[in-house]
Amino acid sequence: SFFVNLFATIAYFGKIVADSMGHNYDNVGPFIIGLGNYRYADYMLTCPLLAYDLLSQVRAPYKVTGAVLIFSVLLTGASTNFYAGPEMRAGALAWFFFGCILYAGAYAMFLTIVKRQYERLMALAAGTEAKK
């Protein structure tokens with residue numbers, strides 16, 4: 001979670017600097033300032049890192065798969081921006097519903113994995129206390 005917080009701090013600092021410079025998108029300057037100009041870039045990097053961190057903390061499998069799944073959910077949300085016009089509303093709704101299905105699958109996967117890991121850890125803790 002240290003790296004997630006570090007990246008979020010840099011991204012939000014870049015947004016603050018970009019806001020104070022008047023959103024000059026033609027000349028974004030160095031990386032830290034340019035990062036604040038890319039919409040959803042910070043979420044699409046920090047949320048998968050948080051998912052990876054959550055699964056790492058409980059020593060669960062599928063850490064990379066979970067992070068990629070969360071990134072895919074956010075990518076479907078960002079894809080709706082390409083269909084922002086009223087004539088392309090069906091494309092935006094298709095991406096939205098696809099993201100909802102992916103999110104429901106990711107949510108179920110994370111709940112199942114974390115629940116199993118906590119049950120395993122509780123059984124290990126109960127087994128070690130019984131031997132004392």
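Atom set for the values below is all heavy atoms of this structure, side chains included, hydrogens, waters and symmetry mates excluded. The structure presented is a predicted model; accordingly, all values stated were derived computationally and were not measured.
Using a 4.5 Å cut-off on side-chain heavy atoms (C-beta onward), L69 and Y62 make no contact. L74 places a side-chain heavy atom less than 4.5 Å from the side chain of C47. Using a 4.5 Å heavy-atom cutoff, the side chains of T76 and F96 are not in contact. For the pair L55/V114, a side-chain contact is recorded, criterion being any heavy-atom separation below 4.5 Å from C-beta on.
Under a hydrophobic-cluster definition in which Ile, Leu, Val, Met, Phe, Trp and Tyr are linked whenever side-chain heavy atoms come within less than 4.5 Å, directly or via other members, L93 and I101 are assigned to different clusters. The hydrophobic clustering, which links ILVMFWY residues whose side-chain heavy atoms are closer than 4.5 Å, places L121 and L54 together. Grouping the Ile, Leu, Val, Met, Phe, Trp and Tyr side chains by contacts below 4.5 angstrom, directly or via other members, places L102 apart from V64. In the hydrophobic clustering of ILVMFWY residues, with side-chain heavy atoms under 4.5 Å counting as a link, I113 and L111 come out together. L50 and Y52 end up in different hydrophobic clusters when Ile, Leu, Val, Met, Phe, Trp and Tyr side chains are linked at under 4.5 Å.
Enclosure of atom CZ in R116 is not indicated, since only 12 or fewer non-hydrogen atoms of other residues, nucleotides or ligands lie within 6.0 angstrom.
Using bins of under 30°, 30° to 60° and over 60° for the plane-to-plane angle, the ring pair W95/F98 lands in the perpendicular bin.
For K115, the salt bridge (Lys or Arg N to Asp or Glu O under 4.0 Å) partners are E119, not counting sequence neighbours.
Nearest heavy atoms, R59 versus Q117: O-NE2, 2.8 Å. Pairing each heavy atom of A51 with each of G66, the nearest pair is CB-O, 4.4 Å.
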Requested in this report: Would you sort out whether I70 and F110 count as a side-chain contact (heavy atoms from CB on, under 4.5 Å), showing the intermediate values?
Outcome: CA-CA 10 Å; I70 294 298; F110 274 85; 4.0 Å; yes
